[in-house]
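Please read the structure below before turning to the comments.
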Amino acid sequence: ERKIAMKQRKRLLSALLCCALLAALLPGCGPEETPAPPASDPPAAESPLALLPEEAPLAGSGGSWFAVVDGDLVGWGERYDSADYSQRTVEFEGVRSVWGGRFLQAVLDQEGGLWTRGSSIPDQDQARDGWQYRLSDVATASLGLWHGAAVRTDGTLWTWGKNDEGQLANGELAEGDPQEFPPRQVMEGVRAVRSGSYVLTVDGDLYGIGLWKGTTEPVLLCRGAADAAPAAGRVQVLTPEGELYLADLPEGPGELQLPEQPQAAGVEAVFEGGYSTAEDSFLWTRGETPQALATGLAVDAAAQNLDGWLLRTPEGALWRAEIGQDAVALEELT
């Protein structure tokens with residue numbers, strides 16, 4: 001009986017093995033395959049609003065001009081008793097960017113250090129040929145009449161200088177003699193600042209600082225802005241789609257009322273007093289009905305001082321420009 005039982009077990013095991021073999025060979029009967037995980041979505045491209053602006057190679061201040069040439073800051077004009085570009089003077093070595101205001105200048109060195117000049121109260125310990133050290137880890141900056149603003153690499157906005165009308169938006173107002181405030185953080189999540197007064201966040205919001213006397217906090221001007229800059233007593237607002245609007249500032253703190261139709265399309269960049277497309281650049285006239293006059297030059301940088309304009313083409317050529325009645329006069333500098 002034991003032998004019979006053992007034979008029956010062997011037959012049963014053999015039958016089970018055969019069934020398993022047939023199931024593996026026949027279609028639809030094999031073991032289920034584990035489905036592959038769905039392919040993950042490709043990472044979203046970085047928004048252009050999150051990118052910091054390119055380096056600034058030109059600036060105007062008073063009746064002087066400044067340019068970054070081969071990594072050095074050179075200057076000419078009123079400050080140097082010579083308007084001849086060929087007689088330019090090397091001011092600062094190892095420079096990435098330069099900015100100018102009516103009375104102030106600022107340079108960004110190769111290590112991200114910001115240096116300023118022209119302040120009425122130089123209160124910094126470090127000095128370099130008349131320049132005062134302001135901030136480290138700076139990505140971009142701009143200057144107002146007697147104040148400055150800078151965006152550090154961590155996206156924080158810092159302002160300094162005179163604050164008699166709330167220019168610094170740091171929550172305070174200077175009393176009595178307009179003292180100079182040292183750099184102080186006023187905002188986070190910032191990607192650019194223009195003319196010391198227009199702040200662009202990484203979310204595409206545009207804020208104004210120091211635009212109304214006595215306003216000591218940043219004021220939201222509009223949303224969905226790619227860039228902004230003043231022009232013709234108004235403010236240019238550039239959208240991510242390349243549409244340019246020219247808007248009036250409200251009389252008191254508040255949002256801009258953009259026109260129903262843009263003034264221009266296909267705009268790639270704005271600067272104080274003008275804008276540029278891929279093929280041309282335009283300078284605004286002043287008055288009640290400003291017009292944008294074509295220069296006939298594609299430019300990658302532009303600056304303005306009391307004497308006119310300085311334009312740079314993508315090839316590196318410098319042009320001096322002056323706005324006439326209905327045209328722009330150009331002179332190439334050599």
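Values reported hereafter were calculated over all heavy atoms of this structure, with side chains retained and with hydrogens, waters and symmetry mates removed. The shown structure was predicted, so the numbers you read here are calculated from the model rather than taken from an experiment. If you read the sequence from its start, that first residue is 1, and numbering goes on from there.
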Apart from Val270 itself, residues in the same hydrophobic cluster as defined by side-chain heavy atoms under 4.5 Å:
Leu238, Leu244, Leu246, Val267, Tyr275, Phe282, Trp284

Heavy-atom side-chain proximity of Trp131 to Leu73 below 4.5 angstrom:
yes

Pairwise distance CG(Asp137) to OG1(Thr153) - rounded to 0.5 angstrom:
4.5 Å

Between Arg194 and Ser142, do the side chains contain an N or O donor and an N or O acceptor separated by less than 3.5 Å?
no

Are there more than 12 heavy atoms of other residues, nucleotides or ligands under 6.0 Å from atom CD of Glu217?
yes

What I want to check is whether the side chains of Trp115 and Asp109 have a donor and an acceptor closer together than 3.5 Å.
yes

Between CH2 on residue Trp319 and OG on residue Ser281, distance to nearest 0.5 Å
11.0 Å

Quick one: pull up CG in Leu311 and CG in Leu297 and give me the separation to the nearest 0.5 Å.
6.5 Å

Determine whether Leu168 and Ile209 satisfy the following criterion, side chain to side chain contact (heavy atoms under 4.5 Å, CB included), listing intermediate values before the conclusion.
CA-CA 7 Å; Leu168 306 186; Ile209 61 174; over 6 Å; no

Working to the nearest 0.5 Å, report the span between CG of Asp248 and CG of Leu256.
9.0 Å

Give a yes-or-no answer on whether the side chains of Thr156 and Trp158 include a donor-acceptor pair shorter than 3.5 Å.
yes

Hey, does Lys162 have a side-chain heavy atom less than 4.5 Å from the side chain of His147?
no

Stepwise, does the side chain to side chain contact (heavy atoms under 4.5 Å, CB included) test hold for Asp280 with Thr295?
CA-CA 7 Å; Asp280 208 341; Thr295 68; 3.5 Å; yes

With a 6.0 Å cut-off (strictly less than), is the heavy-atom count around CD of Gln185, excluding the residue itself, greater than 12?
yes

Contact summary for Thr159 and Ala149, nearest pair of heavy atoms:
CG2-CB, 3.9 Å

Kindly say whether Gln304 contributes a backbone atom to a donor-acceptor pair with the side chain of Trp65 at under 3.5 angstrom?
no

Just checking, is any N or O donor in the side chain of Glu331 or Tyr85 under 3.5 Å from an acceptor N or O on the other one?
no

Distance only, no hydrogens: is a donor on one side chain within 3.5 Å (strictly under) of an acceptor on the other, for Arg152 and Ser136?
yes

Which heavy atom of Asn163 sits nearest to which heavy atom of Leu173, and what is that distance?
O-CD1, 3.6 Å

I would like to know whether Leu249 and Arg234 meet side chain to side chain contact (heavy atoms under 4.5 Å, CB included); could you show each step before the answer?
CA-CA 6 Å; Leu249 281 173; Arg234 299 164 175 82; over 6 Å; no

In sequence, state the C-alpha distance, the side-chain angles, and the governing distance for Tyr198 and Leu206, and then conclude on side chain to side chain contact (heavy atoms under 4.5 Å, CB included).
CA-CA 7 Å; Tyr198 299 94; Leu206 174 64; 4.1 Å; yes

For the residue pair Asp203 / Thr201, report whether a side-chain donor-acceptor contact shorter than 3.5 Å exists.
no

Out of curiosity, Leu114 CG to Leu108 CG, how far, rounded to the nearest 0.5 Å?
6.0 Å

Distance-minimising heavy-atom pair for Leu220 and Tyr207
N-CD2, 3.4 Å

Could you check whether Glu332 pairs with Arg320 (Lys NZ or Arg NE/NH1/NH2 to Asp/Glu carboxylate O, under 4.0 Å)?
no

Starting at CG of Leu221, measure out to CG of Asp205 and round the result to the nearest 0.5 Å.
10.0 Å

Should we count CD of Glu251 as having more than 12 external heavy atoms under 6.0 Å?
no

So, the side chain of Thr285 versus the backbone of Pro290: is there a donor-acceptor pair under 3.5 Å, distance only?
no

Which pairs with one or both residues in residues 289-314 pass ring pair (Phe, Tyr, Trp, His ring centres under 6.0 Å), sequence neighbours excluded?
Phe271-Trp309

Donor-acceptor under 3.5 Å (Gln236 side chain, Ala228 main chain):
no

Tell me, do Val237 and Leu258 make a side-chain contact under 4.5 Å, heavy atoms counted?
yes

If only side-chain N and O atoms count, and only distance matters, is there a donor-acceptor pair under 3.5 Å linking Ser61 with Gln105?
yes

In terms of side-chain geometry, is the basic nitrogen of Glu255 or Arg223 positioned less than 4.0 Å from the acidic oxygen of its partner?
no

Between Tyr245 and Glu243, do the side chains contain a donor N or O and an acceptor N or O under 3.5 Å apart?
yes

Do NZ/NE/NH1/NH2 and the carboxylate oxygens of Arg134 and Glu180 come within less than 4.0 Å?
yes

Where the side chain of Gln167 meets the backbone of Glu165, is there a donor-acceptor pair that is under 3.5 Å apart?
yes

